[in-house]
There are 2 protein chains.
Amino acid sequence: MAEQVRGRGPERRRGEVLLRAVHEAVLAEVAEVGLGQLTMEGIARRAATAKTSLYRRWSNPQDLLLDALHDAHPVEEPSPSGDDLRADLITALTLLVEWLTSPAANAVKAIMTERRRYPDLAEALYERVFDPRGGTFTHTVLRHYAEQGTIDSRLLTPIVFQIGEALVFKLLVDLDRFPTHDELAAIVDQAILPAVGVPRDAATVAEA
Amino acid sequence: MAEQVRGRGPERRRGEVLLRAVHEAVLAEVAEVGLGQLTMEGIARRAATAKTSLYRRWSNPQDLLLDALHDAHPVEEPSPSGDDLRADLITALTLLVEWLTSPAANAVKAIMTERRRYPDLAEALYERVFDPRGGTFTHTVLRHYAEQGTIDSRLLTPIVFQIGEALVFKLLVDLDRFPTHDELAAIVDQAILPAVGVPRDAATVAEA
DNA sequence: ACGATAAGCTACGCGACCGTATCTAAGTGG
DNA sequence: CCACTTAGATACGGTCGCGTAGCTTATCGT
């Protein structure tokens with residue numbers, strides 16, 4: 001049959017190349033139309049491939065999405081330098097924001113938001129993608145400085161570990177944009193450090 | 001024409017009564033199927049009314065939803081007692097959690113989450129529903145105690161005002177349930193109070 | 001009691017996506 | 001260079017929501 005001209009000659013993607021293209025397409029599709037409108041047709045259109053080719057490998061859009069997430073780059077973990085708590089916390093939050101920028105993170109957010117509606121997806125997300133789970137970002141940094149004695153470890157409760165991440169998410173939702181470096185610094189100075197027993201000094205108060 | 005028997009006799013709802021029923025139906029529908037799957041057919045089915053009756057008043061599901069939100073009870077504001085900062089903060093967070101429990105809040109969350117996809121809806125939400133905007137919940141309480149001199153008002157930055165709300169939302173997302181009273185107390189003791197210059201005492205640290 | 005109004009029912013053509021079947025042809029490896 | 005694998009094109013019947021049209025009838029106001 002006559003093939004639609006893509007570029008000029010007939011170039012047919014296979015295997016790995018096609019797979020990547022499809023993975024990219026799902027993530028883009030989720031970002032654009034949302035989890036609720038994710039369809040095989042839509043993905044096929046965006047990936048410029050045939051529906052048939054999708055059904056050959058996956059049985060529904062969710063399966064495909066999970067596969068794409070499984071394949072996405074893992075989250076980079078912070079590695080505390082060891083002598084500057086404030087700087088390391090800011091770095092940790094910066095890493096968080098960078099991850100949140102990725103297409104994969106976008107899809108993950110969508111799934112978490114609608115997890116009641118797609119329980120299987122959410123569950124599989126934990127099992128197949130979030131294996132590590134638990135402490136990342138500021139958690140890692142805070143534990144490091146507690147072990148080293150800079151922080152009183154009795155202050156490190158589950159709530160305290162969440163302060164930084166919680167504020168980044170809140171800012172993200174409220175302002176619908178990613179926090180700036182200064183805002184991350186403010187989170188560290190005004191919320192995290194006081195909670196772990198480092199009082200704010202005059203300088204921080206003045207510039208706030 | 002033969003009417004479906006609802007109960008036994010033909011009872012036809014009109015005006016206010018019907019309106020309420022439809023409003024309830026939209027919110028329930030959003031909760032169940034999500035913003036992306038919100039359809040006139042679905043709402044009509046759930047409200048046990050005819051599609052025609054819906055189109056007579058609204059031109060699409062989003063319009064209808066906005067109308068329902070507009071009508072929903074407003075948010076109750078905290079009224080600080082004035083002599084117990086800690087208790088008033090916990091009360092404020094409790095009010096927040098209570099609001100989050102309502103069907104309307106559920107829909108608002110959905111809209112905020114997908115605001116990129118439904119910019120008109122989000123915008124109208126601000127204009128028609130969130131008129132007050134700005135300071136609610138812990139904000140109100142913190143300002144009160146600052147005016148009264150209990151708190152150093154230089155510490156009350158935008159970030160600090162967000163700590164409580166941010167942690168409630170984070171807990172909500174992470175655990176997929178509403179925080180308990182003890183968790184709210186922990187947020188106040190371990191995150192908000194340190195940030196506003198009230199250091200944690202031995203008792204709070206010990207029980208943490 | 002009797003309009004006027006508003007609600008309800010049915011049915012329609014339209015388009016989107018579904019999941020599958022069938023065929024063609026491009027790319028690959030021996 | 002040939003055979004095999006796999007991607008691509010197309011078409012199908014089915015379901016669902018759309019938005020509208022037409023008609024019937026319950027309910028309200030007077």
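The chains referred to below are lettered A, B, ... by the order of the sequence lines, with proteins before strands, and numbering in each begins at 1.
- Among the atoms of the strands shown, only primed sugar atoms or phosphate atoms (P, OP1, OP2) are found under 4.0 Å from some heavy atom of A:T39.
- Taking 4.0 angstrom as the limit, B:T49 places a side-chain polar atom (N or O) nearer than this to OP1 or OP2 of C:dG8.
- Two residues are said to be in side-chain contact when any heavy atoms from C-beta on lie closer than 4.5 Å; A:P78 and A:D88 fail this criterion.
- A donor-acceptor contact under 3.5 Å is not formed by the side chain of B:K51 with the base of D:dG17.
- Side-chain atoms of A:R12 lie closest to D:dT6 of the nucleotides D:dT6, C:dG8, D:dT20.
- For the pair B:D63 and B:R57, the minimum side-chain heavy-atom distance is 4.5 Å or more.
- Ring geometry for B:H23 against B:W58 counts as tilted: the plane angle lies between 30° and 60°, on a 0 to 90° scale.
- The side chain of A:T52 contributes no N or O atom lying less than 4.0 Å from OP1 or OP2 of D:dG8.
- Contact check of residues 18-37 of chain B against DNA chain D (heavy atom, cut-off under 4.0 Å) returns no residues at all.
- With D:dG8, C:dC18, D:dC18 as the choices, the nucleotide that has an atom nearest any side-chain atom of B:M40 turns out to be D:dC18.
- None of B:T138, B:I192, B:I151, B:V196 except one satisfies the side-chain contact (heavy atoms from CB on, under 4.5 Å) rule with B:V160; the exception is B:V196.
- Rounding to whole angstrom units, CZ of residue A:R13 and C1' of D:dT6 are separated by 13 Å.
- In this structure, B:G15 reaches the sugar-phosphate backbone alone: every heavy-atom distance under 4.0 Å involves primed, P, OP1 or OP2 atoms, never a base.
- Below the 3.5 angstrom threshold, one finds no donor paired with an acceptor across the side chain of B:R56 and the base of C:dA6.
- Closest to the B:Y55 side chain, of the nucleotides C:dC9, D:dT20, D:dA7, is D:dT20.
- Residue A:R14 places a side-chain atom within donor-acceptor reach of the base of D:dT5, judged by atom type and a 3.5 Å distance cut-off alone.
- Within 3.5 Å, no donor on the side chain of B:R45 pairs with an acceptor on the base of D:dG17, nor the reverse.
- A close approach under 4.0 Å does occur between a side-chain nitrogen or oxygen of A:R57 and OP1 or OP2 of D:dA7.
- When rounded to the nearest whole Å, the span between CD of A:Q62 and P of C:dG19 equals 10 Å.
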